[in-house]
Structure formats: structure tokens, C-alpha cells
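Below is one structure, written out as C-alpha cells; the observations come after it.
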Amino acid sequence: MNTRFLETLVVLARVGSFRETAQVLNATQAAISQRIANLEDDLGVELVDRSQRRLTLTAAGEQAVRQAQRMLDLERELRASTRPEAPPAGRVRLGAIESVVRTWLSPLVRLLAERHPQIDLDITVDTAKNLHEALRHRKLDLMVQNDPYAPAVGSTEHRVTPLCEFALHWIARPELVPQRGALTLAQLERVPLLTFSRTSSPQAHVRALFADRGTEPRICNFPSVESIIQLVRDGYGIAAIPPVFVGPDLDSGALRLCEGPALPAMTITTTSEREAPPAVRATQLLTAEVVARYCAEQRPDWVRRLDA
């Protein structure tokens, strides 16, 4: 039995459409349809209910997906066991939020090239929400971001590794904040508040501070960390961001870190499928090593390493 057909069925069941499956597997939609038809011929049963407008698997299709996943896992284990000494190799599609790009992505790329030159790293930078969708549709092999990934909660099919916490603080030009005392919600209501994208957890935390107040805060959302930093430097508003992003500005006095309503830290994790190929696992382990080094070089009240 052709394992490509089995992989196609598993991906089809996960993403829910022939078009998405074709994108994930870098094939044409016609080729995907033909693979499923060939598998149905091999098994002698219909796997897809073609009487429905929305893609639905038959009862036999649901059973076949479970067995196909087992067979693919066994094939992967067999290949790994026959080449135990082979170095990790192949393409690894890594998705990361921009906060990672601004902190320790470059050291990771350099060290990966030194340790595992046969790994081809393909990097995507996006919001956590979009990375979640990409991983769910198997368009990524490894994800580094800060929001809980729902499919991994209570699941044994994913490997989630805690890396570090970025403390979140209120940061602004000195003339925008009081010289003494902590910022109050009333003061924050009077200026633009700069934070991450509308779908991010930091943005939700900032908005939640004002849930019981009668006025709507002026929250400005940006998927680009660089945009937030430039606007806070220009004095446009008060930012809710990790201070590690603007350490030199804080040291020089150009920006000021202010006490104020508490904000939860950003918890950064890596997520992959538990039975991911060796190249993905090697990248995940090296990421944890790079983050540990990075945290050791930073202020512990700004960045804190998390134990896996």
C-alpha cells in the first residue's frame, strides 16, 4: 500500500478540504483526489462521503484515518531505527512571532548552521493566531509563540516545550508619565496605548484592565514590534511591551519604565507534533539551548527561563 495515499488521507481529515490538502502536500487538487480514489480502490470502500457539499468522511474513512496514522508512525519509527547514527537532515518549517526575531532568532540560525548543516530552516514570521492555523494545517513543523495552542491541551500528539517568560511593562517617553508614583487607569485612559495585534493575549490583557470602567481606552494594535517601538520613541503613546525590546533606550533615559496596573508575562513555548522527524526535534532542542543562553545574559526581572 502506498504510504503517500495514507498521508494524503490523514492530512485531508485534518484540514477538511481537498484544496487545503493540496497546498499542504505541494500537489494539485486533481492529484489529491486521485490519491484518495486509488486508496478507496485498494481498500474496497468509500472513504469520503461525496453526497455532502462539505467534506465528510464515511465511518470506514474515520477508521481508516486512525489506522493510517498508526502506519505512518510505524514507518517513521522504522526509518529512524535503521539509521540511528544519521545526522538530522531535511527541511524544517519554523514559525515564530516577531518577539522571537527581536531577541534570539539570529543566534538560533547561526548555531543550527554550525551544529546541523544538513537542516534547511524555512522561517515564517507571523502573529500567534496565524501560526496556530498554519501548524494545525501542517504548513509548519515547529512553532515558537506565546499563546496556548488549543489542539495540544490535554493531547499526547504534540510536544510543547516552555522556553521563557518576557515580562510586560508600561514604557513611554519621560514627559508622558508621572515623575513619581505608579500609572493609574485614569491616566492610561487619556493617552494611546500601544500593544500587540488585536488577536494577541497581551492586547486582551490590556483591554481587560478597563472592563469595569465606563470609558473605552484608546488601544492601538500592531502586528509589528518595530512599529510599536518607533511610535513609543516618537512619544505617540504608552506601550505595553517587554522592556528587553528597548533596553538601550531605557538605559539612556530616552524611554522610561513605569509602574502601573500589572500585566501578565508573555510565556514563550515551542510546539511540534510528538512524532516529528529528527530534524524538527533537533531544532526544538537547540532552540531551548539558545534561549537558555539568552536568558542568562539578560536581566532576570525582564526575561526568565522556564524549565521544560
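We number each residue from 1, following the sequence as shown. Quick note: numbers below take in every heavy atom, side chains included, and nothing from hydrogens, waters or symmetry partners.
Considering R281, Q284, H158 as possible partners of S272, the one that fulfils the side-chain hydrogen bond (donor to acceptor under 3.5 Å, both in side chains) test is Q284. For the pairing with R14, the salt bridge (charged side-chain N to carboxylate O under 4.0 Å, His left out) check across E273, E7, E20 returns one residue only, E273. Remark: of the listed residues R91, R93, R159, R93 is the sole one forming a salt bridge (charged side-chain N to carboxylate O under 4.0 Å, His left out) with D141. The side chain to side chain contact (heavy atoms under 4.5 Å, CB included) with L108 is formed by just one residue from the set V100, V144, L94; it is L94.
Between L168 and P202 the shortest heavy-atom distance is CD1-CB, 3.9 Å. Considering all non-hydrogen atoms of both residues, S227 and F222 come closest at CB-CD2, 4.1 Å. Across all their heavy atoms, G253 and P174 have their closest contact at O-CG, 3.5 Å. Pairing each heavy atom of A172 with each of I238, the nearest pair is CB-CG1, 3.7 Å. Pairing each heavy atom of A262 with each of L209, the nearest pair is O-CD2, 4.0 Å. Pairing each heavy atom of R304 with each of C295, the nearest pair is C-SG, 4.2 Å.
For E189 and T215, the side-chain atoms include at least one donor-acceptor pair closer than 3.5 Å. Under the 3.5 Å distance criterion, with hydrogens and angles disregarded, no donor-acceptor pair is assigned to the side chains of T124 and D126. For the residue pair N146/S201, the side-chain donor-acceptor check at 3.5 Å is satisfied. One side chain, Q145 or H132, offers a donor N or O that lies under 3.5 Å from an acceptor on the other.
Side chain of H116 to backbone of L112: no donor-acceptor contact under 3.5 angstrom is found. The main-chain N or O of V232 is never found under 3.5 Å from a side-chain atom of R173 such that the two would form a donor-acceptor pair. The closest donor-acceptor contact from the side chain of R256 to the backbone of Q179 lies under 3.5 Å. With E75 contributing its side chain and R70 its backbone, the two residues share no donor-acceptor pair below 3.5 Å. At distances below 3.5 Å, not a single donor-acceptor pair connects side-chain atoms of D234 with backbone N or O atoms of Y236. The closest donor-acceptor contact from the side chain of T58 to the backbone of G61 lies under 3.5 Å. Counting only distance, with no hydrogens or angles, the side chain of R35 and the backbone of A30 share no donor-acceptor pair below 3.5 Å. Remark: side-chain polar atoms of S106 are not paired, donor with acceptor, to backbone N or O of W104 under 3.5 angstrom.
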Apply side-chain contact (heavy atoms from CB on, under 4.5 Å) to W302 and L250, showing your working. CA-CA 12 Å; W302 287 3; L250 294 170; 3.7 Å; yes

Carefully, step by step, assess R138 and V10 under the rule side-chain contact (heavy atoms from CB on, under 4.5 Å). CA-CA 11 Å; R138 284 190 164 178; V10 169; 3.9 Å; yes

Y149 and R136: CA distance, side-chain angles, deciding distance, side-chain contact (heavy atoms from CB on, under 4.5 Å) verdict: CA-CA 9 Å; Y149 179 56; R136 187 173 69 85; 3.5 Å; yes

S99/V225 under side-chain contact (heavy atoms from CB on, under 4.5 Å): CA gap, chis, key distance, verdict: CA-CA 7 Å; S99 298; V225 173; 4.2 Å; yes

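Going from atom CD1 of I36 over to atom CG of L9 covers 5.0 Å, rounded to the nearest 0.5 Å. Rounding to the nearest 0.5 angstrom, the gap separating the OG1 atom in T199 from the NZ atom in K129 is 5.5 Å. To the nearest 0.5 Å, the span separating OG1 on T267 from CG on L306 amounts to 6.0 Å. Atom OG in S33 sits 7.5 Å away from atom CZ in R50 (nearest 0.5 Å). For the atom pair CD (E275) and CD (Q69), the distance works out to 9.0 Å, reported to the nearest 0.5 Å. Within the model, atoms CG of L188 and CG of L183 stand 5.0 Å from one another, a figure rounded to the nearest 0.5 Å.
Following chains of ILVMFWY side-chain contacts shorter than 4.5 Å, one cannot reach L142 starting from L285, and the two form parts of different hydrophobic clusters. V24 and L140 are not part of a single hydrophobic cluster, where members link through side-chain heavy atoms under 4.5 Å apart. Residue V125 is grouped with residue I241 when hydrophobic side chains (ILVMFWY) are merged at heavy-atom distances under 4.5 angstrom, including chains of intermediate members. The hydrophobic clustering, which links ILVMFWY residues whose side-chain heavy atoms are closer than 4.5 Å, places L135 and L25 apart. A single hydrophobic cluster is not seen to contain both I268 and V160; linkage of ILVMFWY side chains at heavy-atom distances under 4.5 Å, directly or through other members, places them apart.
Between R233 and D249 there is a salt bridge, since at least one side-chain N of the basic residue sits less than 4.0 Å from a carboxylate O of the acidic one. Salt bridge annotation for E133-K139: absent, with no cationic side-chain nitrogen under 4.0 angstrom from a carboxylate oxygen. One finds a salt bridge joining E289 and R293 here, because a Lys/Arg side-chain nitrogen approaches an Asp/Glu carboxylate oxygen to under 4.0 Å.
The local environment of CG in D212 is sparse, with at most 12 non-hydrogen atoms from other residues, nucleotides or ligands closer than 6.0 Å. Counting non-hydrogen atoms of other residues, nucleotides and ligands closer than 6.0 Å to CZ of R198 gives a total of 12 or fewer.
By the 4.5 Å heavy-atom criterion applied to side chains, E297 and V303 are not counted as neighbours. The shortest distance between side-chain heavy atoms of T8 and T21 falls below 4.5 Å.
R19 meets the salt bridge (Lys or Arg N to Asp or Glu O under 4.0 Å) test with no other residue; sequence neighbours excluded.
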